[in-house]
Amino acid sequence: ENFYRVSLSGRTFPNDFQNTQNLAGAIDQDSFSDRSRITRTGLLGVMNYSYDDKYTLDAYVRRDGSSLAGFDNQYGTFFGVSGSWDIAKESFMNSVSAVNSLLLSTSYGTLGDDSVLTTYSNFTSISTGGLYGANPSALPSSTIANPAVTWESNEKINIGVAFELFQGSRLRGKVDYFQDTRKDFIFNDTFPTESGSYNGFNNEGDSRVSGWEIDLNYDIFRDSDGFNLSVFANVTFLDYEITALGTDEQIQGFSGGQVILREGLEPFTYYLVRYAGVDSANGDALYLDVDGNVTNVYSAQNAVAIDGKSPLPEFFGGFGLRSSFKGFDLSANFNYSYGNYIFNQQSLSLQDASNWRNNKIVGATNYWQQPGDTNVLQRPTVNGIESGTTQFLQDASYLAFRNLTFGYTFSQNALKNTGVESIRAYLQVQNLAIWSGFDGNPEVGVGSSENAATVGNTVYINGYPQVQSFSFGMDINF
């Protein structure tokens with residue numbers, strides 16, 4: 001892969017139309033060009049075997065090299081094997097009339113990933129052109145090369161069964177167990193300030209994601225000349241854990257707070273000061289210190305890992321229906337997510353009275369005003385509401401009514417002698433409704449393009465609601 005970049009800057013062109021670089025009266029000194037190259041090599045061997053149309057076995061092995069990895073570890077070996085057994089084709093299944101298809105499959109494989117590494121990060125280069133006093137100077141690049149950094153390895157295990165049951169395969173589905181283990185995952189570490197504030201890539205540890213995927217379809221009514229109704233649903237259950245870490249822990253900041261990577265926890269567990277409500281006697285905000293004692297003094301040193309709360313959901317999926325009758329058709333789709341948390345920076349800003357120049361919501365007026373007030377915001381202060389606490393860490397679980405479509409297909413008799421093969425007219429509504437306890441749109445965890453740089457799906461800033469749209473259309477085939 002070759003990459004080229006040219007940046008040219010010029011001034012005093014003859015006019016607004018003759019503005020090519022060769023016509024510029026002056027070429028600015030900050031013009032530059034550069035080029036870079038990424039080289040990857042690979043050898044792949046594949047084996048496929050099938051027997052009696054019931055048993056399959058596939059395997060691969062590959063050797064990959066990357067110019068992005070450290071010079072001592074540029075190559076990695078990855079392999080995998082998978083197999084399946086079509087149980088329904090066995091003779092002992094002939095008497096089981098309810099089973100039309102039953103396929104057992106399993107797989108194990110590893111793949112390499114070098115996408116985190118940046119171009120030439122395995123070089124410690126020298127930048128020149130600056131001055132030290134009146135003398136020329138040269139400085140090391142901000143990234144210090146690590147010759148030992150190597151590929152991340154993704155180890156994937158899957159065991160599943162797909163089935164079709166009952167007359168006409170009314171019930172169809174698939175159940176899978178999976179486990180993805182990420183080994184030697186790569187981080188760009190920032191070194192201490194006293195060492196020059198450099199950074200470098202390191203293989204830091206291992207993490208595991210495991211879970212179940214279930215996908216079901218059932219035809220409740222089937223009549224080619226009458227009413228048809230099918231329902232479907234799918235769900236994915238997830239369990240996450242950091243199983244090994246090269247350092248004791250890693251804390252990463254986002255706009256409004258922090259997340260932590262620590263062995264035994266979910267990746268990106270929130271690392272915040274625990275909010276304990278409002279003192280009804282004086283309106284002070286209350287917090288818990290690291291030992292769990294209540295205090296009215298905020299200190300970032302009291303931040304702890306909020307166990308079980310991360311931007312990652314416990315399960316997610318969707319469900320819906322499809323129906324038809326005498327040319328009419330109706331379909332509806334829902335999707336949902338449960339168990340993930342988002343830091344709602346936008347809600348904090350809209351309720352913080354100290355930031356009086358910006359618009360507020362009505363809830364901003366619900367603050368402590370006299371002794372005995374409860375279920376209120378803290379007393380306004382010039383410092384405002386403290387960020388970096390769990391006060392605005394919100395459950396982002398939701399159920400969304402994603403799509404509703406109603407259509408009508410004209411009969412062949414109605415189109416006779418028209419030269420038209422088929423016509424279907426339809427009305428479609430997108431994003432009808434969403435139900436959630438989150439203040440805002442829980443699906444826009446990272447906000448809009450105006451959002452600050454952040455760890456993915458942790459913070460809600462400047463997020464726009466999903467657009468609700470109504471459309472009408474016709475599909476015409478000649």
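The chain is numbered in sequence order, starting from 1.
- Although no hydrogens or angles enter the test, the distance criterion places a donor-acceptor pair under 3.5 Å between the side chain of Asn366 and the main chain of Asn375.
- Side-chain polar atoms of Ser66 and Asp114 form a donor-acceptor pair below 3.5 angstrom.
- Rounded to the nearest 0.5 angstrom, Thr381 OG1 and Asn383 CG are separated by 5.0 Å.
- At a threshold of 4.0 Å, the pair Asp180-Lys156 counts as salt-bridged, since one of the basic side-chain nitrogens sits closer than that to a carboxylate oxygen.
- Thr110 and Glu155 form no side-chain donor-acceptor contact under 3.5 Å, judged by distance and modelled atom types alone.
- At a threshold of 4.5 Å between non-hydrogen side-chain atoms, the residues Glu204 and Leu261 do not count as touching.
- A salt bridge is absent between Arg322 and Asp329; no separation between the charged side-chain nitrogens and carboxylate oxygens falls under 4.0 Å.
- Atom CZ of Arg40 has more than 12 neighbouring heavy atoms from other residues, nucleotides or ligands inside a 6.0 Å radius.
- One side chain, Thr405 or Asn403, offers a donor N or O that lies under 3.5 Å from an acceptor on the other.
- A 6.0 Å sphere centred on CG of Asp307 holds no more than 12 heavy atoms belonging to other residues, nucleotides or ligands.
- Inspection of the Ser101 and Glu164 side chains reveals no N or O donor paired with an N or O acceptor under 3.5 Å.
- Proximity of Phe334 to Leu432: side-chain heavy atoms (C-beta onward) are nowhere separated by under 4.5 Å.
- Among the candidates Ile220, Leu229, Asn228, the single residue satisfying the side chain to side chain contact (heavy atoms under 4.5 Å, CB included) test with Ser323 is Leu229.
- Within 6.0 Å of the CZ atom in Phe79, the count of heavy atoms belonging to other residues, nucleotides or ligands does not exceed 12.
- If you check the side chains of Tyr398 and Asn335, you find a donor sitting under 3.5 Å from an acceptor.
- With hydrogens and angles disregarded, no donor-acceptor distance shorter than 3.5 Å links the side chain of Thr390 to the backbone of Leu393.
- Using modelled atom types, one side-chain atom of Asn146 and one backbone atom of Phe201 make a donor-acceptor pair closer than 3.5 Å.
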